[in-house]
2 protein chains.
Amino acid sequence: MDIDQTKIPQATAKRLPLYYRYLKNLSASGKQRVSSAELSDAIKVDSATIRRDFSYFGALGKKGYGYNVHYLLSFFSKTLDQDETTKVALIGVGNLGTAFLHYNFIKNNNTKIELAFDADSEKVGQEIGGVPVYHIDEFQKRLKENDVSVVILTVPVHVAQSIADQMDETGIKGILNFTPARLTVPDHIRVHHIDLAVELQALVYFMKHYPV
Amino acid sequence: MDIDQTKIPQATAKRLPLYYRYLKNLSASGKQRVSSAELSDAIKVDSATIRRDFSYFGALGKKGYGYNVHYLLSFFSKTLDQDETTKVALIGVGNLGTAFLHYNFIKNNNTKIELAFDADSEKVGQEIGGVPVYHIDEFQKRLKENDVSVVILTVPVHVAQSIADQMDETGIKGILNFTPARLTVPDHIRVHHIDLAVELQALVYFMKHYPV
DNA sequence: AAACGAATGTGCATGGTTTAACAAAAAAAG
DNA sequence: CTTTTTTTGTTAAACCATGCACATTCGTTT
C-alpha cells in the first residue's frame, strides 16, 4: 500500500498540499470537473507537470474530460493522511510564534498545534489561540507525554541549537525551523529551514539579476 | 559587469545570502581564513557545492589555504548590493505582519521596511517597530512617493489578489507573498510564495513517506 | 631546497525535474 | 452514426543541480 508512494519525486510531494487545498476550494464552490489547464492557470504550475504529478498515483483522469473534483479530492485526502491529525508543538511564543497560534491550521490541514512553550513567565499559563503555553523547561517531558511528532521553532537564534540538542529523546521526528541557525540534529530528525531574512534577500537578488 | 551574473544558477543564488550571513559572523568573531569544509559543517551544504558556488564568481580562494574571510565578505557585499538599501513595504499588520515589523532586517540585510499598511483604523497612525502604519487605501500613492520596490504581503487570503491587482502602477518589482493565494501579476513583477501551511504539511508528508 | 600536506577548482557522472509533443481515448457536436 | 474537439497519460529530450574524485597549486615544515 505504501510501496508506490516511495517513488513519488520530492518536487511532486511538495506540490500535493497545494493541489489539495485548491481542490477543496473548487469542491466548495460546487465545481464538478476540472482540467489540468484550469488548474495550471490557478496555481501557476505547468499543466504537463500537473498531469505528470497526478499520474504517479495512477490514471486519475479521463481523456477528453479532465478530472472529477470529488474523486481527486477523496484520493488526495487519503494520500495526504487527512484522516489522522499530526500533533505539533510550538516553541517560542514571540511575535512569529503568536502568529502561528492564531493561525487555525486544522481548518485546511491534518496538523494541529496542541502545546506551546516559552521562557517568559508572563506568558506561561496563558492560552493563546486555544493553545496552552507552558514553561520551556517542561518541554521534554510534555512532548513525550503528548506524543508530539513535529515542532515549530520560533525562538531567538542564540538558543535554537541548545533546544534542538534537547530534542533527541522526545520522539520528535520533524522540526520546522524559523531561526537562522542551521541546526545540527540526529539523523532521525528531519529539519526544514524557513529563513525569512534569506527569503527576502533572495527575492531582491533575483529582482536585480534575473530581470523578467 | 552584470554579464556573468546572469549565468549563476538559481540554486546558487538562493544560497548566497546564507553564505553572506555566516561570513559576517566569522568576520565578527575575528576569523581570518576559512575552508569549504568548515563552511560545510556550519551551514549544512556539501563542501563541493560551496566551492562550485564560489567558483562562479572566479577563483576566490587559494589552494592549500582556503578562503580569506575578509576578501570573500567584501566580494559578496558587492555582489549582493549591500551598499544600497532596498525599500520594503509591508501590507497587512496582523500577527505575522507585526512579527516582521519587530524583526530588524536592516541589521543583517540590505533591506528595510519603511512603511506598513492596514485596513484596521485602530492600527492606522500607530508606529510599530519604528515603522509607521498607514491606511491601506493610501498604499498606491505612498509606494510611488517613497520609491518602494518590494512588498511583503501578509493580508487575509481573500483580499490578496485584489491588492496585487492594484500593484501594477506603483513601481513594485517584487512581492513576498505569505498568503495561500497564487497571485496573478503582470510579467514585470516577481512573486515568491512562502506558504506556511504548505510547508508544515510538506514536512509531515516527508516524515511519513521518506523515513531517514 | 625538497618533500609534504592541505584545500581549491573542475571534469564527469549521475540523478532529479520540467516541458514539449503527440497518440489514444472519451466527450461533444453535427 | 460520424466527425470534431477536448484533454489525458506518457515518451523523449532538454535542463538543472549535486557530489565524487583528483590533478593542481600553494603554504609549511624539515
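Chain A is the first sequence line, chain B the second, and so forth, proteins listed ahead of strands; every chain is numbered from 1.
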Ring geometry between A/Y19 and A/F54 (parallel below 30°, tilted from 30 to 60°, perpendicular above 60°): perpendicular
For A/N146, all residues meeting side chain to side chain contact (heavy atoms under 4.5 Å, CB included), sequence neighbours excluded: A/L115, A/R142, A/V148
Sugar-phosphate, base or nothing in reach of B/F54, heavy atoms under 4.0 Å: nothing
D/dT8 OP1/OP2 closer than 4.0 Å to side-chain N/O of A/S36: yes
Between P of C/dG16 and CD1 of A/I8, the distance in whole Å: 14 Å
Rounded distance in Å - NZ (B/K14) to C1' (D/dA17): 12 Å
Backbone of A/G66 reached by a side-chain donor or acceptor of A/S35 within 3.5 Å: no
Atom-pair distance (OH on A/Y67; C1' on D/dT6), nearest Å: 13 Å
Sugar-phosphate, base or nothing in reach of A/T12, heavy atoms under 4.0 Å: nothing
Whole angstrom value for the distance that separates P of D/dA17 from CD of A/Q10: 16 Å
Nucleotide of C/dG9, D/dT10, C/dT17 approaching B/A59 most closely (side-chain heavy atoms): C/dG9
Nearest heavy-atom neighbours spanning A/S149 and A/T86: OG-CG2, 3.4 Å
Whole-Å distance separating the CG atom of A/N68 from the C1' atom of D/dT8: 15 Å
Side-chain N,O (A/T49) to OP1/OP2 (C/dT19) below 4.0 Å: yes
Heavy-atom neighbours of B/E84 CD exceed 12 at 6.0 Å: yes
Interatomic distance, B/R15 CZ vs D/dG19 C1' [rounded to whole Å]: 11 Å
Protein-nucleotide distance (A/I50, atom CD1; C/dT18, atom P), rounded to Å: 12 Å
Which atoms of nucleotides 20-29 of chain D (N or O only) lie under 3.5 Å from a protein N or O atom, and what are those distances?
unit_1: D/dA21; atom_1: N6; unit_2: B/R51; atom_2: NH2; d: 3.2

B/D53 and B/T12: side chain donor to acceptor below 3.5 Å: yes
Aromatic contact, B/F75 with B/Y67 (centres under 6.0 Å): no
Spacing of A/D41 atom CG relative to D/dT7 atom P, expressed in whole Å: 12 Å
